[in-house]
Amino acid sequence: MPFDWHQVGTPPASDEIEVTVIGPGFGECIVVHVGLGRWLIVDSCRDPETKQPVALKYLQALGVNAGECVDWVVATHWHSDHVGGIGETLAACTSARFVCATVLQKREFLKYAAQSRVVSGPGTALDFLGAFEELMHRKATPVWTTGGRVLATRAATGGQPEFRLEALSPSDAEFSLFLSNIAGQVRVKGMPHRAYVSTDPNHAAIVLSLRWGSDAVLLGADLLSHSSPDRGWLAAAGQATILLAPKASLVKIPHHGSESAHAESMWSDLMEADPVAVVTPYSRGKKEGRPPKKSDLARIVKLSSEAYLTAPTESGRARKKTSPVAVGLAQSGITMRSLSANVGLVRMRRAAGGSWESALFGRAKALN
Ligand SMILES: [Zn+2]
């Protein structure tokens, strides 16, 4: 069944903050109302039915003019589940700046992306490069960022506290590693073609901290955990300390809830106790390996006061035998439906001085 976008209702009040996480099963997009009618879009995916970018469908359904009201479109990294339709999204958000990781301006990456474009056809590279084509058309440059950059500030005004948008990653160490990974994958004339699978762009993922006064929201992208203080979540926590970022009351869980992205430091250093957590699933690849697993959901539920999943993890044809993932989801109160059942949305809104109020649409489910 196609997702009926009109059910999302009316836009938030001017002084209301909104964080809407959209995940159709494969893909992730976050739409944020930062207050005073201004919006931020982080990553992009398409409505499986109409193939249109979900952020545009959502804002249109709310009656928000994307061309006038969106200030930033951020690509946290260029994995295919985060950039579907991002070029079209940016093209519609005519007054928005495009934010991506500094490392992507390197010649090594551009060579790599250009080769992938030929090799893989429509998909990741085309969608991502579409954003750069749009910028070329506008004669605009991206906002290149790395961990520690303050991307935007707005002074306290009209009863609203000061707003800040800050990047906590990628770290310098992740930057260097990404470059050396990419360099190793660029095809050299006369050499046998190398597979494009071993590079992990999550190294260069942008984690965002959004703060309104002493309250914050953490958007974890797909940043992974690492034992080195210079990498992953330890490095992001280090940046938050330097920026004096307040602890967050709401988190978009990193990397679809996978164990590899779990970091004690994220929960202890970057989050308030018992925050609200939102997870998007990754419904591709081997079914056994798809995050979040049952154990991932159990861990997240334990660490949060409220946890939500935008769509069931399982996808495709109905299975005769019940997989461990299905059992996990069933125990979490989630029933399995075909992926064609479409989009799921978790919307959190917070009035000034109030607490987070959830609204779930489509395939989205509460976990506790
Ligand atoms: Zn992802």
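Atoms within a ligand are numbered from 1 in the order they appear, just like the ligands themselves. The chain is numbered in sequence order, starting from 1.
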**OP:** Indicate, with yes or no, if Leu210 and Ile41 share a hydrophobic cluster defined by side-chain heavy-atom contacts under 4.5 Å among Ile, Leu, Val, Met, Phe, Trp and Tyr.
**Re:**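 In one cluster with Ile41: Leu210, no.
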Original post:
Among all residues two or more places apart in sequence or in another chain, which pass the ring-ring contact (aromatic ring centres under 6.0 Å, His included) test with Phe163?
Top reply: Trp212
Original post:
Angle class for the His33/Trp39 ring planes (parallel below 30°, perpendicular above 60°, tilted otherwise)?
Top reply: tilted
Original post:
In the protein, how many N/O/S atoms are under 2.8 Å from the Zn ion (ligand 1)?
Top reply: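 Protein N, O or S neighbours of the Zn ion (ligand 1) under 2.8 Å, waters not counted, come to 4.
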Salt-bridged, [X] to [Y], with N to O below 4.0 Å?
| X | Y | result |
| --- | --- | --- |
| Arg46 | Asp127 | yes |
| Asp81 | Arg284 | no |
| Lys293 | Glu259 | no |

